[in-house]
Amino acid sequence: MTVKIEFLGHASFLVRSGSYTIAMDPFLNGNPVAKKSADEIECTHIVLSHGHADHIADAGPIAKRRGATVFGAFEICNFLGETHGLEKLEPMNPGGQVKTDFGFVALTRAYHSSSFDGRYMGMPCGVILSIGGKTIYHSGDTALFSDMKLIGELYRPDVALLCAGDRFTMGPEHAARAAEWVGAPVAVPMHYGTWPLLTSDMSGFKPRGVEARIMKPGEVMTVG
Ligand code: NI
Ligand code: MN
């Protein structure tokens, strides 16, 4: 089945296949590069990598408005349940996988932090999304770590969405190494250029043997 990925800006993506739309790390209203507002996001599911505001700020209101099921760390699910009265929650932790109507969601490790307004939000994670027979790896926010080879071996992703803005995460050179280690045929850099604190120069993102696909906010790619 056709799988389409729309880049919403920063680390936010919409993944569509058949009757399912999954929002990954929806962050629109405070996002200076986003072309859409949170109100415009229609989705059936939401998947969250970690609890920082630039990843979950709009998740609660969108989930409430659309009745979307939220997948994320145990602590993030508890938080969104308490603050937005959400009931369709799938709490998880790294290493775990949840089967869904469209495929599955798994959380991987990420080397980062995770809190919201001083509250502990559980482990920071990467996300594996299996949908329409395709597999997408969203790195979340992370440093480069060599177990990305294991993520590639375990899940064989078709596309890798990799943070590359430096300072808080991998920079472009490390993200290129990540792309090589994950081994997906296509890698998309993300989480860069959103603010001056993050580099906007992706000239160092040159993975060997992997197609480096630069996406602009609003752009859609077809997987496979
Ligand atoms: Ni973060
Ligand atoms: Mn972030």
Side-chain angles (χ1 to χ4, degrees), residues 5-15 22-36 38 41 46-63 70-80 83 91-94 105 107-129 136-145 147-148 151 160-176 178-179 182 187-202 205 214-217:
I5 302 177
E6 178 180 350
F7 182 42
L8 298 172
H10 198 53
S12 302
F13 295 86
L14 277 183
V15 182
I22 290 81
M24 306 184 87
D25 283 3
F27 168 57
L28 291 309
N29 291 353
N31 180 346
V33 298
K35 300 259 189 273
K36 288 182 174 171
I41 303 302
I46 296 175
V47 184
L48 302 171
S49 66
H50 66 295
H52 285 154
D54 58 319
H55 298 259
I56 71 160
D58 296 318
I62 293 172
V70 179
F71 298 78
F74 173 75
E75 290 82 358
I76 296 176
C77 287
N78 286 346
F79 172 72
L80 292 176
T83 52
M92 303 174 66
N93 243 320
V105 175
L107 295 184
T108 70
R109 77 167 293 190
Y111 199 80
H112 191 63
S113 60
S114 184
S115 61
F116 190 93
D117 273 347
R119 175 166 163 170
Y120 174 63
M121 284 288 144
M123 292 290 283
C125 298
V127 173
I128 299 288
L129 177 63
I136 298 160
Y137 169 55
H138 183 298
S139 70
D141 287 0
T142 186
L144 181 64
F145 55 92
D147 272 357
M148 285 179 178
I151 292 170
L161 312 173
L162 301 169
C163 55
D166 220 333
R167 184 181 289 266
F168 302 113
T169 71
M170 299 186 283
E173 288 81 8
H174 284 191
V182 171
V188 179
M190 63 164 178
H191 205 277
Y192 69 90
T194 317
W195 301 280
L197 278 178
L198 304 180
T199 185
S200 53
D201 178 7
M202 284 300 112
F205 186 71
I214 306 289
M215 293 181 80
K216 294 200 179 78

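For the single chain, residues carry numbers from 1 onward in sequence order. Note that the structure is predicted; figures quoted are calculated from it, not measured. Order of appearance sets the numbers: ligands from 1, and atoms from 1 within every ligand.
Distance CE/Met215 to CG/Leu161: 8.5 Å, rounded to 0.5 Å. Rounding to the nearest 0.5 Å places CG of Leu14 at 10.5 Å from CD1 of Ile5. In this structure, the separation between CD1 on Ile151 and OH on Tyr137 is 4.0 Å, given to the nearest 0.5 Å. Here the NE2-OG distance, from His191 to Ser139, works out to 8.5 Å after rounding to the nearest 0.5 Å. Rounding to the nearest 0.5 Å gives a distance of 14.0 Å between CG of Asp166 and OH of Tyr192.
Cation-pi contact between Arg109 and Phe145: present, with separation from the ring centre below 6.0 Å and deviation from the ring axis of at most 45°.
One of the N, O or S atoms belonging to His191 lies under 2.8 Å away from the Mn ion (ligand 2). Counting backbone and side-chain atoms alike, His55 contributes an N/O/S atom closer than 2.8 Å to the Mn ion (ligand 2).
Residues Ser114 and Gly51 share a closest heavy-atom pair of OG-N, 2.8 Å.
Around the Ni ion (ligand 1), the protein N, O or S atoms found under 2.8 Å comprise His50 NE2, His52 ND1, His112 NE2, Asp141 OD2.
With respect to Glu6 and Lys36, a salt bridge is recorded, a charged nitrogen being found less than 4.0 Å from a carboxylate O.
Within Asp141, the N, O or S atom lying nearest to the Mn ion (ligand 2) carries the name OD2. Taking the Mn ion (ligand 2) as reference, Asp54 places its N/O/S atom OD2 nearest.
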